[in-house]
Structure formats: structure tokens, C-alpha cells
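We use all heavy atoms of the structure for the numbers below, so side chains are in, but hydrogens, waters and symmetry mates are not. All values reported here derive from a predicted model rather than from experimental measurement. The chain is numbered in sequence order, starting from 1.
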Amino acid sequence: MSSTHTTRANLLALATIALWASLAALGTALAHVPPFLLTGLGLLAGSVIALPLARGDWRRLAVPPATLAVGVYGLFGYHFLLFTALQLAPPVEANLINYLWPLGIVLMAPLLLPGVRLTAAHVLAALVGLAGAALAILGRGAPAASAGAPGAASGWAAAGYACAAGAAFIWSSYSLMTKRLALTGRPFSTAAIGTFGLVSGLLALACHALLEPAAALSARDWLLIALLGLGPLGGAFFLWDAALKLGDARQIGVLAYLTPLASTLILLATTGQPLTWNVALATLMILGAAVVGTRAR
């Protein structure tokens, strides 16, 4: 792999991180929108990006059914669980748990990618990451840390934490499965990410019609949903796919650990919450564990 390709891949990864850092804050600002509706509209908006990427060749958007299933599993499953977590649990803590997905990539890599082994350093990193997540959940020292989650006061926080953990598992396994497809001779065009988003968005809207009450959206809601779709729910997916296919997944993984720190700081700023000691320490523990885990051979 040439240094030019590596540099380009890392720049694509950094651009992805910049978009993803705004995801939790936008999701929290739209917490009043039913999760299926929010997920569906955001994914449909993001899928539009595939049109210029296809360059008029619609075959770029076609994928085998098995590949489509992987894409729907990742895009629909992950974001629905994440938005649900942000509605039920304190958003800062739920966000930190969600960002255990880079560590999940490290731990599950031996199961899904050929030639990858799990070492003692990986296990140690996993334990430190779990300790950081537990600190974020159990060590809240300020009431402000629980603000902003409608379900937190009614005992739904535990369900929110479970949803955040599920979201982390889905995104880490989805990322590894798409990488595995590329490594085993079953690659797909990056433009096909739009097909994943389109099908996932329609599925989410169908679930909204069946399971959720109708919701009236304001002009501000539509603007935020458009930003959600074109940024962290759209453009970021295309950039992430291109980065993984072009570069070294280990280096990209290390860069990805900048995401939880940036995301948490943005979320604290937008919700007006102070940076408490437990949130700061938990963030450092998760980041440190993730870096150690990816540098281990």
C-alpha cells in the first residue's frame, strides 16, 4: 500500500470523524421525533448522495441480497438503537457507551477478518474500556449529567444503556463485515452505500407507520433532519467506506477514537452540561484502551 493511498485514506477517515462528532448532539436536539421516523427521514436524505457518485451508471447501486442485508443491518439497526438510547438514557453516558464500537472492532476482528489474532493487550484494553463505560454509568456525580433524556427520570435509563451497547456492537460488526467482503473478493461500489440507506430508510418509515404515533415536524426539525442526513447519516457513511477500502484499517481505527472525545465535548456544549470528573476520566479511559487495543499486534 503506497503512502499516498494511506494519507488519502486517513484524510477521509478524519473527514468522517468530523461529521460523526455532531451525530449525538443532533440526535438529542431531535429527541422529540419518534426514533423510526427520525431514522427513516435521515437515511433517505443521506442516500441522495449516491446519485452523483453513481455518475449515471445505476449498476453501481446494485448489490447482492446478502450484501444488502449487511448494509441494512448496519445502517438501520445501529442508528435506531442509538437514537433510542439518546432518548431513554442520559445522552452523555449513552454516547460514551456507544463509542465502545472502536474497541468492538478490535475484539471481533479475529472472528471476522483473516490473519488477525487477539493478544493479551487487546484483552486488557477491553477491560479498561468496560471500566470506563461503567464509570460513566455508575459514577455520575452531578444531576446535570442526567439532563436531556426524557426516560431517565422514569427508570428507562437501563434500557437506554442496553440500546447504546447494542448500537456499538452493530456498528463494529458491520464495519468488519464490509471490510471482510472487500478482502474475500466480494467488494461493492461505495455508491451502493446509498442503496443501503434507501432500503434502511424505507424500512424505518414502515416501522414508524406501524408502531409510532404520527408526529408534526417544524421547519427547524426538517432543517436538522436534512443536516443529519447529509452529514453524519449520509456523507459520513460514504467517506467511512472509502477510507476502509483504501487504507489500513488499524490506522483508521486509531483515528476513529478521536470521535467519542469530539462528540462528547460537542454534546456537553450544546446541552449546557459541565465537564464532570467522571465523564472526563471515562473518556480518557475509553480512548486510552482503544489506542492500546489497536496498536497491539
Side-chain angles (χ1 to χ4, degrees), residues 1 5-6 8-17 19-20 23 39 42-43 46-47 49-50 53-54 59-82 98-116 118 166-204 229 231-257 259 290 293-294:
M1 183 181 301
H5 284 178
T6 299
R8 183 182 174 191
N10 289 344
L11 290 175
L12 290 171
L14 288 173
T16 305
I17 290 166
L19 293 178
W20 275 342
L23 177 58
T39 304
L43 289 174
S47 67
I49 298 174
L53 291 179
R59 292 173 297 179
R60 288 171 162 263
L61 305 179
V63 292
T67 302
L68 180 60
V70 171
V72 172
Y73 162 78
L75 270 61
F76 171 71
Y78 170 74
H79 290 94
F80 173 69
L81 286 181
L82 176 59
N98 162 60
Y99 278 115
L100 285 173
W101 65 258
L103 199 58
I105 289 179
V106 173
L107 296 178
M108 291 191 290
L111 301 177
L112 296 176
L113 299 181
V116 178
L118 188 64
F169 173 83
I170 286 178
W171 192 256
S172 56
S173 58
Y174 162 77
S175 297
L176 289 171
M177 285 189 287
T178 56
K179 181 70 173 178
R180 180 180 176 85
L181 289 174
L183 291 175
T184 55
R186 292 172 291 171
F188 55 88
S189 170
T190 294
I193 297 294
T195 304
F196 298 167
L198 175 63
V199 175
S200 298
L202 293 176
L203 178 60
L233 264 183
F237 297 156
F238 295 93
L239 292 170
W240 180 247
D241 181 74
L244 282 174
K245 289 176 178 176
L246 186 63
D248 187 331
R250 293 167 298 183
Q251 293 185 16
I252 293 171
V254 171
L255 291 175
Y257 301 129
T259 313
T294 52

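Rounded to the nearest 0.5 angstrom, Leu203 CG and Leu198 CG are separated by 11.0 Å. For the atom pair Phe76 CZ and Leu202 CG, the distance stands at 11.5 Å (nearest 0.5 Å). Between atom CG of residue Leu233 and atom CG of residue Leu75 there is a gap of 8.0 Å, rounded to the nearest 0.5 Å. In this structure, the separation between CD1 on Ile193 and CZ on Phe238 is 6.5 Å, given to the nearest 0.5 Å. One distance of note links CZ of Arg59 with CG of Leu61; it measures 11.5 Å at 0.5 Å rounding.
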Please walk me through it: do Phe169 and Leu100 pass side-chain contact (heavy atoms from CB on, under 4.5 Å)? CA-CA 8 Å; Phe169 173 83; Leu100 285 173; over 6 Å; no

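With sequence neighbours left out, the side-chain contact (heavy atoms from CB on, under 4.5 Å) criterion links Leu176 to Ile105, Met108, Ala109, Leu112, Leu113. Residues that satisfy the side chain to side chain donor-acceptor pair (under 3.5 Å) test with Trp240, not counting sequence neighbours, are Ser175. Taking Pro110 as the reference, Val116, Leu118 meet the side-chain contact (heavy atoms from CB on, under 4.5 Å) condition, with sequence neighbours excluded. With sequence neighbours left out, the ring pair (Phe, Tyr, Trp, His ring centres under 6.0 Å) criterion links Tyr174 to Trp171.
Listed by first and then second residue, the side-chain hydrogen bond (donor to acceptor under 3.5 Å, both in side chains) pairs involving residues 68-78 are Tyr73-Ser173, Tyr78-Asn98 (not counting sequence neighbours).
Residue Ala9 comes nearest to Ala243 through the heavy atom pair O-CB, 3.6 Å, listed as atom of the first residue, atom of the second, then distance. Closest heavy-atom contact between Gly104 and Ser172: C-CB, 3.7 Å. Annotation for Leu19 and Ala236: closest pair CD1-N, 3.5 Å, computed over non-hydrogen atoms. The two residues Arg8 and Leu246 have their closest heavy-atom pair at CD-CD2, 3.5 Å. The nearest pair of heavy atoms linking Gly197 to Ser47 is C-CB, 4.1 Å. Contact record, Leu43 with Ser200: CD1-CB, 3.5 Å, taken as the closest heavy-atom pair.
Contact of the Thr16 side chain with the Phe237 side chain is not registered, since no non-hydrogen atoms from C-beta on lie closer than 4.5 Å.
Panel note: side chain Lys179, backbone Leu244; a donor-acceptor pair is recorded below 3.5 Å.
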Donor-acceptor pairs under 3.5 Å, side chain of residues 183-190 to any protein atom, not counting sequence neighbours: which ones?
| from | atom 1 | to | atom 2 | distance (Å) |
| --- | --- | --- | --- | --- |
| Thr184 | OG1 | Arg180 | O | 2.7 |
| Thr184 | OG1 | Arg186 | NE | 3.4 |
| Thr184 | OG1 | Arg186 | NH2 | 3.2 |
| Ser189 | OG | Ala191 | N | 3.2 |
| Thr190 | OG1 | Asp241 | OD2 | 2.7 |

